[in-house]
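Numbers here simply count residues along the sequence, with the first being 1. Side chains are part of it too, since the values below use all heavy atoms of this structure and drop only hydrogens, waters and symmetry mates.
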Amino acid sequence: MRRLGTTRRTARPARTARGRTARTALAGVACAAALAALTAVPAEARQPVHGEAHRPHWEPTDTGAPGVRFRGLAAVSRHTAWLAGTGGTVLRTTDGGGTWRDVSPPGADGLEFRDVEAFDARRAVVLAIGEGEASRVYRTADGGATWTESFRNTDPRAFYDCLTFFDSRHGLAMSDPVDGRFRILSTRDGGRSWKVLPDRGMPAAQEGEAGFAASGQCLVSAGPRDVWLATGGAARARVLHSADRGLTWTATDAPVPAGDPARGVFALAFRDRAHGLAVGGDYRPDQASPVAAARTADAGRTWRPADRPPPAYRSGVAWLPHSRTAALAVGPTGTDLTTDGGRTWRTVSTGSFDTVDCTPDLACWAAGEQGRAARLER
């Protein structure tokens, strides 16, 4: 989408309920409970002293890239994470943010990376956005030591926004509408090659409808086949759902601000194929964003507005690991927490972030403007 300064879900190994240990599940509950306790702290007191350990807080890490805005984030574990941002920048940490290594693809200085999907510390796929050939996909299998450009858009009408992977081989990318329908790109070999899917099963787009490349979360997946696409910029904000890896789609209106090119659903998160969250609003700082969050319990067939939404526009959202009810939403004016599945949200930090992601080993990461990256500490 030609917005936000022209702006996950991270693929991980499949997990089953049997594979979760009781210890991990209890740790997830404890993490959510600790975060819930933070909401009782007055807003003006929610910026902790550096190194404070007695309550959860975002602990900043030094990326060494103060001029870069990171809207792409792939959290692999509490030790490993990837960032993608302006100026063709890709960073990687394998020591919990203690150090970040610049692993940017050579010759990518003029590109805008807005999404990164990582499978581990060595394998990752990044998306550059823009009109025509500015939209590109790169892949690495050696931690960013070398990169292969696996896709370059040659259609001047297309503008790619987001990536998602179902597993380490199967993934999709989405473009703003071409010939009146969103365009879907598919890979079956881990991002080595891509092809455009037929659009016969895609509903017609509204006038002015597009995706927001704000956090790498406008296209997300859950399980082996389900994927959702968030839209804005038109009369109604919508969420499109496919249960067959992007071949056929259904569209549902979302109760978030719409009716303007700056408004819509900016990010989605699904903890399973049924339960999802949507956040967004109006990204202009001088505009209010009432009811800028919604939830679904039926795979997106219906969406209900939050009873108490975040107080302002939010661009990223993620479920806390191993929790059925707790999630974080981030944006330029703060971080919000829900502990009741998206019914109510409370601000727990006023720092600026664009995107957020959590991992199975109980880590959450966030990233944003001015080279900001942080890990949630307890």
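- The nearest pair of heavy atoms linking Ala292 to Gly281 is CB-CA, 4.0 Å.
- Atom CZ of Arg284 has more than 12 neighbouring heavy atoms from other residues, nucleotides or ligands inside a 6.0 Å radius.
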(message) Quick one, Phe353 with Trp58, criterion ring-ring contact (aromatic ring centres under 6.0 Å, His included). Give me CA distance, side-chain angles, the key distance, then yes/no.
(response) CA-CA 10 Å; Phe353 291 109; Trp58 288 118; 5.5 Å; yes
Give the table of side-chain donor-acceptor pairs shorter than 3.5 Å for residues 195-202, with sequence neighbours excluded, one pair per line with atom names and distance.
none

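- Side-chain contact check for Asp95 and His79: no donor-acceptor pair (N or O, by modelled atom type) lies under 3.5 Å.
- With salt bridges taken as basic N to acidic carboxylate O contacts below 4.0 Å, one links Arg183 and Asp155.
- Of the possible donor and acceptor atoms, none in the side chain of Thr338 sits under 3.5 Å from a partner among the backbone N and O of Trp345.
- In the displayed structure, Arg308 atom CZ is contacted under 6.0 Å by more than 12 heavy atoms of other residues, nucleotides or ligands.
- With respect to the salt-bridge test (charged N to carboxylate O, under 4.0 angstrom), the residues Asp244 and Arg225 do not qualify.
- Side-chain contact of Ser104 with Thr89: a donor-acceptor pair under 3.5 Å is absent, judged by distance alone.
- Annotation: Phe151 is not in aromatic contact with Tyr138 [ring centroid separation under 6.0 Å not met].
- Ring pair Phe266/Tyr313 is perpendicular by interplanar angle, where above 60° counts as perpendicular and below 30° as parallel.
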(request) Could you give me the CA-CA distance, side-chain angles and deciding distance for Phe70 and Phe113, then say whether ring-ring contact (aromatic ring centres under 6.0 Å, His included) is met? (result) CA-CA 8 Å; Phe70 293 112; Phe113 288 132; over 10 Å; no
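- Under the 4.0 Å criterion applied to side-chain N and carboxylate O atoms, Asp354 and Arg372 are not assigned as salt-bridge partners.
- The existence of a salt bridge linking Asp260 and Arg263 is excluded, since no basic side-chain nitrogen approaches an acidic carboxylate oxygen closer than 4.0 Å.
- Using the six-membered ring where Trp is involved, Phe165 and Phe119 have ring planes that are perpendicular, over 60° apart on the 30 and 60° scheme.
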